Participant: 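One structure follows; several queries about it will come next.
Computed from a predicted structure; not experimentally measured.
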Amino acid sequence: QVQLVESGGGSVQPGGSLRLSCVASGSILSIYRMGWHRQAPGKQRELVATIASGGSTNYVDSVEGRFTISRDNAKNTMYLQMNSLKPEDTAVYYCNIQAKLYDFSVRSYWGQGTQVTVSS
């Protein structure tokens with residue numbers, strides 16, 4: 001079993017900052033790609049940022065330069081530093097990982113989601 005626990009969401013005014021965390025635990029041998037997705041009310045879930053096991057990153061254009069994704073492989077933890085937040089960043093944020101388990105299978109897992117609200 002693998003569990004992902006997210007934290008760090010909340011309410012903030014436009015221009016503010018939040019830092020999301022995602023901790024993975026369970027029968028994990030190694031983690032390949034990690035990523036953050038978000039889903040706003042009435043919209044489809046979208047990919048926000050990804051980070052490979054070697055550290056290379058990708059961002060959706062709307063957050064480029066404002067958000068920073070990072071990971072601590074020793075702690076099986078991923079972060080999303082969100083600066084200069086805008087109302088359109090309001091969404092439920094989900095973490096996702098691709099992990100190799102002790103049975104050598106590779107599977108994808110999702111966190112439960114954490115709400116981010118940007119409003120004045």
Participant: As an exercise, state the distance from OH of Tyr93 to CG of Leu80, rounded to the nearest 0.5 Å.
Facilitator: 7.5 Å

Participant: Anything under 30° is parallel, anything over 60° is perpendicular, the rest tilted; go ahead and classify Trp110 against Tyr94.
Facilitator: perpendicular

Participant: If you take all heavy atoms of Val118 and Thr90, which pair is closest and at what distance?
Facilitator: N-OG1, 2.9 Å

Participant: Tabulate below the donor-acceptor pairs under 3.5 Å that side-chain atoms of residues 3-17 make, not counting sequence neighbours, or state none.
Facilitator:
unit_1	atom_1	unit_2	atom_2	d
Glu6	OE1	Gly113	N	2.5
Glu6	OE1	Thr114	N	3.3
Glu6	OE2	Cys95	N	2.6
Ser17	OG	Asn83	OD1	2.9

Participant: Considering residues at least two apart in sequence or located in another chain, which fulfil the salt bridge (charged side-chain N to carboxylate O under 4.0 Å, His left out) criterion with Arg66?
Facilitator: Asp89

Participant: Does Leu18 form a side-chain contact (heavy atoms from CB on, under 4.5 Å) with Val116? I'd like the steps, not just the answer.
Facilitator: CA-CA 8 Å; Leu18 286 172; Val116 171; 3.8 Å; yes

Participant: Could you measure the distance from the CD atom of Gln44 to the CZ atom of Arg38? Nearest 0.5 Å is fine.
Facilitator: 14.0 Å

Participant: If you look only at distance, which donor and acceptor atoms sit under 3.5 Å apart when one is on a side chain in residues 22-35 and the other is two or more places apart or in another chain?
Facilitator:
unit_1	atom_1	unit_2	atom_2	d
Tyr32	OH	Lys100	NZ	3.3

Participant: Are Met78 and Val92 joined in one hydrophobic group, where the rule is that I, L, V, M, F, W and Y side chains link up if heavy atoms are under 4.5 Å apart?
Facilitator: no

Participant: Tell me the closest heavy-atom pair linking Trp36 and Tyr79, and the distance in Å.
Facilitator: NE1-O, 3.4 Å

Participant: Ignoring hydrogens, what is the shortest heavy-atom contact between Thr77 and Lys75? Give both atom names and the distance.
Facilitator: OG1-O, 2.8 Å

Participant: State the CG-CD1 distance between Asn58 and Ile69, to the nearest 0.5 angstrom.
Facilitator: 9.5 Å

Participant: Counting heavy atoms not belonging to Glu88, are there more than 12 under 6.0 Å from its CD?
Facilitator: yes

Participant: Run the side chain to side chain donor-acceptor pair (under 3.5 Å) test on Asn73 and Ser53 for me, step by step, so that the C-alpha distance in whole Å, both residues' side-chain angles and the decisive distance to 0.1 Å come before the verdict.
Facilitator: CA-CA 8 Å; Asn73 292 329; Ser53 56; over 6 Å; no

Participant: Would a 4.5 Å heavy-atom cut-off, applied to side chains only, mark Phe67 and Thr57 as touching?
Facilitator: no

Participant: Indicate the atoms forming the closest heavy-atom contact of Ala91 with Gln115, along with that distance.
Facilitator: O-NE2, 3.4 Å

Participant: Search all heavy atoms of Ile51 against all heavy atoms of Arg71 and return the closest pair with its distance.
Facilitator: O-NH1, 3.3 Å

